[in-house]
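Below, each value reflects all heavy atoms present in this structure, side chains not excepted, and no hydrogens, waters or symmetry copies. We're numbering straight along the sequence, starting at 1.
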Amino acid sequence: MASQEIENLASALARLPGLGPRSARRAVLWLLKRRETALDQLLGAMAEVRDKLVECPVCGNIDTRAPCGICADPRRDVRAICVVEDVSDLWALDRAKLFTGKYHVLGGRLSALDGVRPEDLTIGALLERVEQGGVDEVVLAMNATLEGQTTAHYLAERLEDYPVRVTQLAHGLPVGGELDYLDEGTLAQALRARRPVG
């Protein structure tokens, strides 16, 4: 039996996404065996992030500086803004290095069931950014859920008053996906978004 302090550490790690109780115990054991190197390094890195963590006042990204590294990067195309639901979506898109513009984090998605209204999201801040001018395109990168698509539709309506092109990420068949393994919703979207060959 481990001490209560070690059990508390394992319980705290088990609450992290992707880690269950067994994985957390293995991680704790690994850290304890390497306490002079790995544990101290982990504790130092966590304390530093905790002390410096800020939300970007421009886009809503989480970083250790404000504005964040993306907003401060002069190589980014200021004429394009990609709107995402959450910071994890921003990080996933930016990791792919395919979008060279700026981002805007809504902080969630519209959901009548959960009581999330437009004023609960950073839609006003997005409209202010577009209103300031210099933006040619707003890319709506909402998740392919009912709430995500409702949010995208609402944003498209709100952006109609501005001289910007509003686009949305394509949905449908994944590269390498086999039709037999796809759900009906994905297949339906792929059929609706079909395009000419050649």
[X]: side-chain hydrogen bond (donor to acceptor under 3.5 Å, both in side chains) partners, not counting sequence neighbours:
X    : value
E128 : none
E85  : R109, N143
S88  : none
Q132 : none

request  = Check the surroundings of atom CD in E157: do more than 12 heavy atoms from other residues, nucleotides or ligands lie under 6.0 Å from it?
outcome  = yes

My understanding is that only residues two or more places apart in sequence, or in another chain, count here; which of them pass salt bridge (Lys or Arg N to Asp or Glu O under 4.0 Å) with [X]?
X    : answer
R75  : D73
R26  : none
D136 : none
D94  : R76

inquiry  = As an exercise, state the distance from CG of L155 to CD of Q168, rounded to the nearest 0.5 Å.
reply    = 10.0 Å

query = Just how far is it from atom SG of C56 to atom CD1 of I70, taken to the nearest 0.5 Å?
reply = 8.5 Å

On a heavy-atom basis, which atom in [X] and which in [Y] lie closest, and how many Å separate them?
X    : Y    : result
A141 : L93  : CB-CD1, 3.9 Å
V130 : V135 : CA-CG2, 4.3 Å
A144 : Q149 : CA-NE2, 3.7 Å

Joint hydrophobic cluster, V87 plus L53, side-chain heavy atoms closer than 4.5 Å = yes

task = Scan for side chain to side chain donor-acceptor pair (under 3.5 Å) pairs involving residues 32-49, sequence neighbours excluded, and state none if there are none.
result = E48-K52

query = Taking only residues at least two apart or on different chains, which pairs with a member in residues 53-68 satisfy side chain to side chain donor-acceptor pair (under 3.5 Å)?
reply = N61-W91

note = ring pair (Phe, Tyr, Trp, His ring centres under 6.0 Å) filter on Y154, not counting sequence neighbours, yields none

query = Which ILVMFWY residues are connected to V78, directly or by a chain of links, through side-chain heavy atoms under 4.5 Å apart?
reply = none

